[in-house]
Amino acid sequence: MTIYFGPAGNSASFYAEGHKSSLEMPEWLVKRRLNAYEYQCGRGVNIGEEMAGRLGQLAAAHGIKMSIHAPYYINLSTQDAEIKVKTRGHLLKSLKIARVMGAKTVVFHPGAGKGGDRRETLERAKTFLKDILKEVEDEGLSGILLAPETMGKKNQLGSLEEVLELCELGSQIVPAVDFGHMHALTGGRCTDRHSFSAVLDRIEERLGREAVQNLHIHFSPVEFTGAGEKKHWSTLETRFGPDFTPLAELLVERDLKPTIICESDKRQAEDAAIYRDIYERIKSGHLKS
Ligand SMILES: [Zn+2]
């Protein structure tokens, strides 16, 4: 088992160097000693099957672990019949393209959490997700993990507890733990060991050792307000947390092998490499002591 680091989408430098197609990304990532790539379908699954298949083959040839970020329009808690149809469609389409691409995980935003009774909102999302899972099974797509993401805004469904509860619906559902979002939602608390270990402990408590062992993590510096997440920055802006070092220490000590996807603004690959270097430095120190 190995740990994976990589970007969400393509860095500004990728394009500045003259690259145009994501098909060039697997080789580009290998040159930067990165081994994961989250393909962005935030604005819809617009990649064709042929292109997805080619990207998947190139990724496999270069040892890059693929995941997909599903469309932002997914909303499991909606009561609108039309949005429900679209949500189901976006999830199924994302899973189908993930299969073609050889992506093991599809990350998605659970839905809206504004107004009303939050418990009721979550129950509605659970019922709808359970229903979608039946169709997922009928389509033979149960082998790809569906990962609801922990969200950064108070009016979004997706606190850690809510995500863990969605995960308890079945083994196909795993958490996508976005520490930038968690940092924003907690008013900037993801800066010390205790905050990170509490999150890891809670996941293990509710979902078991394997879930925490193979976590799908999003990590990037985030600016926030009282309402939560405001903007993703890069590590060049040192005033924004969360801090990766305490998490890296825990990953080493607990021998966890997550996939860490960096969503920094414009520098997602550069920052993924910075996080990898922090992890490797701690790991080599740990082995020596
Ligand atoms: Zn996301």
Side-chain angles (χ1 to χ4, degrees), residues 4-11 22 36-47 65-78 83 86-87 90-91 93-95 97-98 101 103-114 122 125 129 132 144-164 166-167 173-186 190 199 203 215-224 227-234 240-242 244 247 258-269 271-272 275:
Y4 295 89
F5 288 91
N10 308 339
S11 279
S22 294
Y37 180 33
E38 190 150 294
Y39 189 82
Q40 301 298 293
C41 295
R43 317 231 165 262
V45 181
N46 301 318
I47 181 170
K65 185 178 184 189
M66 294 296 299
S67 52
I68 285 181
H69 197 305
Y72 303 133
Y73 320 119
I74 286 167
N75 186 351
L76 289 177
S77 57
T78 187
I83 297 176
K86 285 186 178 157
T87 289
H90 286 312
L91 278 171
K93 205 171 170 191
S94 300
L95 285 167
I97 212 73
M101 209 185 271
K104 302 275 177 276
T105 307
V106 169
V107 176
F108 68 96
H109 297 176
K114 204 177 168 186
L122 178 62
L129 182 55
I132 294 172
I144 299 155
L145 298 173
L146 268 173
E149 179 176 334
T150 62
M151 301 306 295
K153 291 183 186 140
K154 287 182 180 154
N155 64 10
Q156 292 169 312
L157 191 67
S159 66
L160 177 63
E161 289 302 314
E162 288 167 340
V163 164
L164 293 177
L166 288 171
C167 292
I173 320 285
V174 298
V177 181
D178 189 313
F179 282 105
H181 286 167
M182 230 174 250
H183 184 67
L185 204 58
T186 56
C190 293
V199 172
I203 297 167
L215 270 188
H216 194 84
I217 291 174
H218 282 176
F219 211 99
S220 42
V222 170
E223 181 182 2
F224 58 87
E229 170 196 12
K230 184 178 171 198
K231 183 179 166 11
H232 283 225
W233 292 84
S234 78
F240 298 116
F244 189 69
L247 177 62
T259 299
I260 297 169
I261 298 294
C262 179
E263 291 185 315
S264 286
D265 183 41
K266 300 184 187 71
R267 289 176 48 87
Q268 50 273 58
D271 280 357
Y275 295 146

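Counting convention: from 1, in listed order, for ligands and their atoms alike.
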Seminar exercise, completed: the Zn ion (ligand 1) has as its nearest N, O or S atom from Glu149 the atom OE1
Kindly give the heavy-atom pair with the smallest separation between [X] and [Y], and that separation in Å.
X	Y	result
Phe5	Phe244	CE2-CZ, 3.9 Å
Gln40	Ala8	NE2-CB, 3.5 Å
Leu215	Ile203	CD1-CD1, 3.9 Å

For this session: Please check if atom NZ in Lys230 has more than 12 non-hydrogen atoms from other residues, nucleotides or ligands closer than 6.0 Å.
Result: no
Is [X] close enough to the Zn ion (ligand 1) to have an N, O or S atom under 2.8 Å?
X	result
Asp178	no
His218	no
His69	yes

